[in-house]
Amino acid sequence: YAHLIIRKNNPQSEIFGIDVDKDKMSKLALKNLICANAYNMPFKDNSFDTIVLAEVLEHLWEPLGVIKEISRVLCKDGKLFLITPNPYSYYRLIRFYLFKKNPTKYYKKFLDNPDHKQFYDLFSLTSILNKYSLEPIEITTTDFIVPKIIKGKLSLRPIGVRLYPF
């Protein structure tokens with residue numbers, strides 16, 4: 001729910017939500033919801049100073065089209081916050097190989113969602129962004145999970161680790 005963080009830190013900002021799934025959109029507490037395709041957004045060039053693309057890229061067969069469209073609607077000095085799972089996190093690898101009886105049989109569930117089409121690492125993500133002149137400022141991962149007990153229950157908290165710049 002990145003829009004809630006943006007709203008809290010920038011209460012004057014105008015926030016738009018875009019999705020192809022009307023059911024998912026109805027769960028968002030936004031007044032500017034648009035049912036549209038991210039490959040062809042209904043906005044003028046240079047419309048946004050900030051774009052959040054959260055947990056979307058891994059669901060697409062053709063991510064370059066979406067990144068190209070984002071570069072069109074993003075202002076020249078705008079910022080893109082891109083969130084996508086790290087397929088190579090230690091936590092994910094350990095959990096997958098320890099708790100799956102036959103890891104090769106369940107590879108589609110590797111990222112906890114069989115709808116994930118592609119995996120991205122530091123270099124593939126940077127390459128996609130650079131193709132449309134989007135320069136990464138920082139790339140972090142939540143590779144490290146710290147166990148914490150809250151009210152008598154075990155909870156796992158991710159810790160972000162900066163990967164880029166080196």
Side-chain angles (χ1 to χ4, degrees), residues 1-6 13-28 30 32-93 95-96 100 103-145 158-166:
Y1 292 81
H3 66 284
L4 298 176
I5 296 168
I6 293 169
S13 61
E14 188 174 12
I15 300 174
F16 289 82
I18 181 173
D19 202 312
V20 293
D21 187 336
K22 283 187 180 184
D23 292 334
K24 286 182 184 176
M25 287 176 41
S26 66
K27 296 175 186 172
L28 297 174
L30 290 175
N32 299 314
L33 291 172
I34 298 166
C35 188
N37 188 317
Y39 293 99
N40 187 19
M41 292 188 242
F43 303 109
K44 295 179 182 175
D45 294 1
N46 305 306
S47 293
F48 298 98
D49 56 5
T50 303
I51 293 178
V52 177
L53 186 68
E55 307 278 339
V56 174
L57 211 59
E58 65 275 9
H59 294 273
L60 307 174
W61 285 118
E62 300 290 335
L64 288 176
V66 171
I67 297 299
K68 180 181 179 183
E69 185 66 357
I70 285 172
S71 70
R72 180 187 70 78
V73 299
L74 189 64
C75 292
K76 182 181 180 228
D77 293 324
K79 294 195 179 349
L80 166 64
F81 291 90
L82 193 152
I83 302 163
T84 188
N86 177 1
Y88 307 110
S89 74
Y90 298 125
Y91 171 71
R92 189 175 309 284
L93 292 170
R95 185 189 67 198
F96 184 72
K100 296 292 182 198
T104 54
K105 182 178 177 184
Y106 296 102
Y107 74 95
K108 285 222 178 230
K109 292 183 179 180
F110 182 66
L111 285 179
D112 301 323
N113 187 332
D115 187 49
H116 289 168
K117 313 265 187 294
Q118 301 193 45
F119 304 140
Y120 297 94
D121 60 21
L122 172 67
F123 302 106
S124 61
L125 209 50
T126 304
S127 175
I128 288 171
L129 295 173
N130 287 340
K131 187 166 181 73
Y132 292 101
S133 302
L134 296 170
E135 181 64 35
I137 297 170
E138 181 177 321
I139 297 176
T140 60
T141 184
T142 53
D143 257 357
F144 302 96
I145 307 296
I159 295 177
V161 177
R162 189 163 116 180
L163 297 177
Y164 178 90
F166 302 109

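Since the model is a prediction, treat every value here as computed from it, not as a measurement. Heavy-atom basis, side chains included; hydrogens, waters and symmetry copies ignored.
At least one side-chain heavy atom of E135 sits under 4.5 Å from a side-chain heavy atom of N130. Side-chain contact between V52 and L80 is absent, with no heavy-atom pair separated by less than 4.5 Å. L57 places a side-chain heavy atom less than 4.5 Å from the side chain of L82.
Here the CG-OG1 distance, from L125 to T84, works out to 7.0 Å after rounding to the nearest 0.5 Å. S133 contributes atom OG, which lies 12.5 Å from atom CD1 of I67 (distance to the nearest 0.5 angstrom). Summarising the geometry, atom OH belonging to Y120 is positioned 8.0 Å from atom CD belonging to E58; distances are rounded to the nearest 0.5 Å. Distance check: D21 CG to C35 SG gives 7.5 Å after rounding to the nearest 0.5 Å. Atom NE2 in H116 sits 3.5 Å away from atom NE2 in H59 (nearest 0.5 Å). To the nearest 0.5 Å, the span separating CZ on F81 from OG1 on T50 amounts to 6.0 Å.
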Next item on the list: Take V66 and V56 through the side chain to side chain contact (heavy atoms under 4.5 Å, CB included) test and state the conclusion after the steps.
Entry: CA-CA 10 Å; V66 171; V56 174; 5.5 Å; no
Note to self: Is there a side chain to side chain contact (heavy atoms under 4.5 Å, CB included) between L33 and D19? Walk through the geometry before answering.
What the structure shows: CA-CA 8 Å; L33 291 172; D19 202 312; over 6 Å; no
Margin query: Applying side chain to side chain donor-acceptor pair (under 3.5 Å) to D121 and S124, what does each step give before you reach the verdict?
Written below: CA-CA 5 Å; D121 60 21; S124 61; 3.0 Å; yes
Which donor-acceptor pairs under 3.5 Å do the side chains of residues 36-47 make with protein atoms, sequence neighbours left out?
{"unit_1": "N37", "atom_1": "OD1", "unit_2": "Y39", "atom_2": "N", "d": "2.7"}
{"unit_1": "Y39", "atom_1": "OH", "unit_2": "E62", "atom_2": "O", "d": "3.1"}
{"unit_1": "D45", "atom_1": "OD1", "unit_2": "R72", "atom_2": "NH1", "d": "2.7"}
{"unit_1": "S47", "atom_1": "OG", "unit_2": "K44", "atom_2": "N", "d": "3.2"}
{"unit_1": "S47", "atom_1": "OG", "unit_2": "K44", "atom_2": "O", "d": "2.4"}

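Remark: L64 pairs with I128, K131, Y132 by the side chain to side chain contact (heavy atoms under 4.5 Å, CB included) rule, at least two apart or across chains.
Remark: side-chain polar atoms of E55 are not paired, donor with acceptor, to backbone N or O of I83 under 3.5 angstrom. A donor-acceptor distance shorter than 3.5 angstrom exists from the side chain of Q118 to the backbone of L60, with no hydrogens or angles considered.
The nearest pair of heavy atoms linking D49 to C75 is N-SG, 4.0 Å.
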